[in-house]
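Below: the structure, in structure tokens.
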Protein chains: 2
Amino acid sequence: MLFSNIDYLTPDFGIAHGFVGTEGASITYLGDTLPEQPERFGECYDGRGKVLMPGLYNTHTHAPMTLLRGYGENLTLQDWLYKRVFPFEAKITDASTYPATLLAIAEMLRFGTVSFTDMYFYSAARIRAIEESGIKCNLCDGIMVFDPETRFEDLPASEENRTLIRDYHGAFDGRLRIDLNIHSEYISNPFVVRSVGELAAELGVHTHTHISETRLEHEECKERRGGLTPVAYFDSLDFFRAPCTAAHCVWTEPEDWEILAEREVFVAANPASNMKLASGFAPVPQMLDAGVNVALGTDGMASNNNHNLFKDLYLLATIYKGSTGDPTVVTPAQALAAATVVGARSQGRPKSGAIELEYRADLVVVDVQTPWMQPVHDQVSNLVFAAQGSDVVLTMVDGTVLYREGTWPTIDVEKALVATQQASDAILASLLPSR
Amino acid sequence: MLFSNIDYLTPDFGIAHGFVGTEGASITYLGDTLPEQPERFGECYDGRGKVLMPGLYNTHTHAPMTLLRGYGENLTLQDWLYKRVFPFEAKITDASTYPATLLAIAEMLRFGTVSFTDMYFYSAARIRAIEESGIKCNLCDGIMVFDPETRFEDLPASEENRTLIRDYHGAFDGRLRIDLNIHSEYISNPFVVRSVGELAAELGVHTHTHISETRLEHEECKERRGGLTPVAYFDSLDFFRAPCTAAHCVWTEPEDWEILAEREVFVAANPASNMKLASGFAPVPQMLDAGVNVALGTDGMASNNNHNLFKDLYLLATIYKGSTGDPTVVTPAQALAAATVVGARSQGRPKSGAIELEYRADLVVVDVQTPWMQPVHDQVSNLVFAAQGSDVVLTMVDGTVLYREGTWPTIDVEKALVATQQASDAILASLLPSR
């Protein structure tokens with residue numbers, strides 16, 4: 001495709017105007033003028049009144065939890081988890097995972113997300129949805145262990161993850177990657193944490209985990225682990241030897257930020273989820289100052305409640321001004337970096353997340369000829385503070401259009417909507433006490 | 001119009017299903033079954049896959065400041081005000097106010113707002129935009145005074161506001177109301193505050209003001225006014241004798257909440273603006289507990305940056321969970337009440353802000369047959385936490401459709417977009433130092 005006469009976001013988060021051409025999965029032309037042989041790019045897209053930007057990277061979610069959207073609101077964390085989330089989740093299967101994941105992907109594509117990191121179970125169903133839809137995903141198949149002595153090799157997840165990596169890491173032209181995961185410090189043990197880190201380094205895959213989401217989790221870890229915070233605990237087991245994305249990090253401390261920066265851990269900030277569950281405001285400004293790589297995630301639909309990363313982008317750029325009292329923290333450029341290029345790096349996707357020659361053609365077109373995106377004093381500011389996810393009119397992954405003006409070429413959205421509601425209804429019915 | 005087979009929001013924030021008919025400016029039918037003589041309602045609207053809800057009330061903004069959208073981001077309040085906002089605003093005229101106000105109205109209608117409270121100058125241009133567009137507005141014509149001794153009668157604003165009220169209060173079938181306003185404690189004096197409160201009571205109009213937006217403003221008031229907070233100061237001058245909407249109230253104290261509740265003052269919470277300018281988080285949960293009427297506003301476009309009240313609705317229901325650590329504060333029902341029926345009351349609009357017989361037909365249709373609004377466990381939760389303003393497919397004011405699926409029957413949006421950009425460019429050019 002040749003995006004013509006279009007404003008586009010530059011790697012330094014400025015705006016340029018001109019022509020952006022894609023061939024195959026890559027950006028092959030950038031310039032002020034029409035390229036020679038413009039027909040080689042295929043369709044010529046009229047970019048007037050539009051802004052082209054890199055696709056967004058959602059670096060933390062649980063797509064099948066779309067089944068739980070709106071189920072269990074305004075509850076304490078304990079009631080939310082034990083009365084709603086856990087009983088419902090126990091009934092999720094491959095059959096319900098497939099349409100819910102497709103629905104999550106449709107939503108992500110509609111709001112400009114080109115790739116997501118997904119921690120859950122029922123990987124066969126998720127992989128099918130990823131393969132069919134054309135989106136990119138770093139998929140984690142849940143590794144959870146409650147016993148303090150169990151070794152990784154003794155868990156079924158050990159073999160299952162090795163098989164997943166052998167069969168699917170790099171599949172679908174590299175769209176699918178497998179990350180190894182530890183759920184969290186409290187649903188793992190030191191043996192498993194060490195082994196998973198070793199295996200990831202050995203196999204050359206990334207890791208993913210939850211860290212310090214709640215104050216309770218953070219403090220209980222310190223009690224359990226001789227004063228070590230979750231970050232320090234993971235580090236003491238050399239878990240960060242492979243590139244790791246740590247979700248939340250809300251209650252991390254200054255010493256943690258040093259470790260996260262030094263070990264080049266990626267933090268997936270989840271501002272919407274952390275607010276809704278009353279977990280707090282992650283120290284994003286402080287982590288950025290400390291040199292930590294901050295990426296962005298939506299988290300699952302029981303706590304967000306949507307996969308609209310433009311909303312989280314806005315929140316990332318806004319809430320810390322409120323929570324710190326300093327209106328200069330988290331610049332639009334830092335927020336955009338988190339949602340794009342840093343996210344791509346966290347997923348181990350080279351030449352991705354920016355509009356540059358030879359970069360992957362993971363692109364989003366935003367309509368700016370609307371009452372809420374005008375006038376234009378600063379297009380970048382408008383993208384961060386005024387744009388709605390719904391302003392996305394085209395989402396392209398590896399050069400293929402996966403969403404355009406109300407249509408999803410690869411997804412039967414109507415069918416997925418019906419199937420998801422049916423699956424959700426069936427789960428709810430099975431949860432009702434028998435009479 | 002007859003909304004058929006539609007889910008609709010009930011006054012107690014539940015969901016009913018059935019038929020809602022409007023005739024003229026009112027809701028004249030509510031029922032489970034098709035009414036007799038359905039043709040008397042005019043168009044039959046197929047409500048399947050949709051939710052009908054009351055239109056939203058934006059109880060605090062400055063529509064002409066749409067000219068400043070994205071102008072001056074990530075600055076300290078002083079730099080924002082003195083280097084950007086004030087110099088730019090000094091160049092705004094009637095000519096630039098008109099298209100900018102139309103654009104703001106188009107945006108509000110697109111995102112489901114049926115009425116707004118607007119504090120600014122250049123009222124002739126704003127009134128023209130309000131008249132033509134068909135939206136409702138409580139309009140305030142700025143009353144500002146820096147001298148501590150000046151009496152209200154000596155201000156040109158005194159005569160101007162009396163004339164406005166005489167000529168326009170209740171105009172356009174009641175769509176336009178004039179509120180008297182005091183900018184704030186710090187841009188007024190006790191004589192003017194007392195006189196404006198007296199005049200409002202005498203003429204039967206509402207008042208509007210800014211209160212305790214920043215900590216500095218709050219503390220300086222206490223220094224200046226013998227320890228009185230802005231709320232206590234206004235109350236000591238009997239300003240609240242007429243129904244008052246006080247914007248922000250971020251730094252109000254427990255004693256203030258008692259006064260606000262007792263005097264039935266409406267607080268216009270502006271969560272997006274307060275975060276972006278780093279003013280803080282208003283004590284909304286505490287004010288609700290104290291019985292204060294909390295309504296909702298966007299504030300102007302230099303600090304939000306859009307008139308999408310669905311975003312502020314989401315923020316109102318979410319950020320206080322983050323700031324207080326309690327996930328149960330500000331329920332979806334409280335947030336919806338703020339955005340609808342409480343807002344309508346703050347504007348002195350009887351039988352408005354809810355779907356009930358004989359209520360005004362100020363209605364919004366939300367498309368819920370989308371990947372981000374399914375499955376449905378709780379339609380109300382989905383409306384608050386998952387809906388996007390862009391899910392609005394129809395906005396009706398007094399029974400007249402003013403927005404529908406990308407079209408604004410009363411506004412030439414293209415023309416307003418061009419005129420606003422030109423006006424903004426001209427102001428910027430005039431601000432450049434001559435060479």
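In what follows, every chain begins at residue 1, and chains take the letters A, B, ... in the order their sequences are listed.
- Heavy-atom distances place the side chain of A:Glu73, and not its backbone, under 4.5 Å from chain B.
- Using modelled atom types, no side-chain atom of A:Asp378 and backbone atom of B:Gly70 make a donor-acceptor pair closer than 3.5 Å.
- Between the OG1 atom of A:Thr318 and the NZ atom of B:Lys311 there is a distance of 7.0 Å, given to the nearest 0.5 Å.
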### Message
Before you tell me yes or no, could you show the steps for A:Val376 and B:Tyr71 under side-chain contact (heavy atoms from CB on, under 4.5 Å), namely the whole-Å CA-CA distance, both residues' side-chain angles and the distance that decides it to 0.1 Å?
### Response
CA-CA 8 Å; A:Val376 179; B:Tyr71 180 67; over 6 Å; no
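- A:Phe111 CZ to B:Ser390 OG: the interatomic distance, rounded to the nearest 0.5 Å, is 6.0 Å.
- With a 4.5 angstrom heavy-atom cutoff, A:Gln379 does not touch chain B via any of its atoms.
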### Task
Start with the C-alpha distance between B:Asn74 and A:Lys321, add both sets of side-chain angles, then the distance that settles side-chain contact (heavy atoms from CB on, under 4.5 Å), and finish with yes or no.
CA-CA 9 Å; B:Asn74 260 60; A:Lys321 302 183 194 303; 2.8 Å; yes
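- Proximity to chain A (any heavy atom under 4.5 Å) is shown, for B:Met301, by neither the backbone nor the side chain.
- In this structure, chain B has heavy atoms under 4.5 Å from both the backbone and the side chain of A:Ile319.
- For chain A, the nearby part of B:Leu75 is the backbone; its heavy atoms alone come within less than 4.5 Å.
- Residue contact with chain B, scored on non-hydrogen atoms closer than 4.5 Å, is absent for A:Val250.
- Residue A:Asp391: no heavy atom, backbone or side chain, is found under 4.5 Å from chain B.
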### Message
Using the rule given for side-chain contact (heavy atoms from CB on, under 4.5 Å), can you reason through A:Trp372 versus B:His307, listing the C-alpha separation, both sets of side-chain angles and the distance that settles it, and then say yes or no?
### Response
CA-CA 7 Å; A:Trp372 49 97; B:His307 281 114; over 6 Å; no
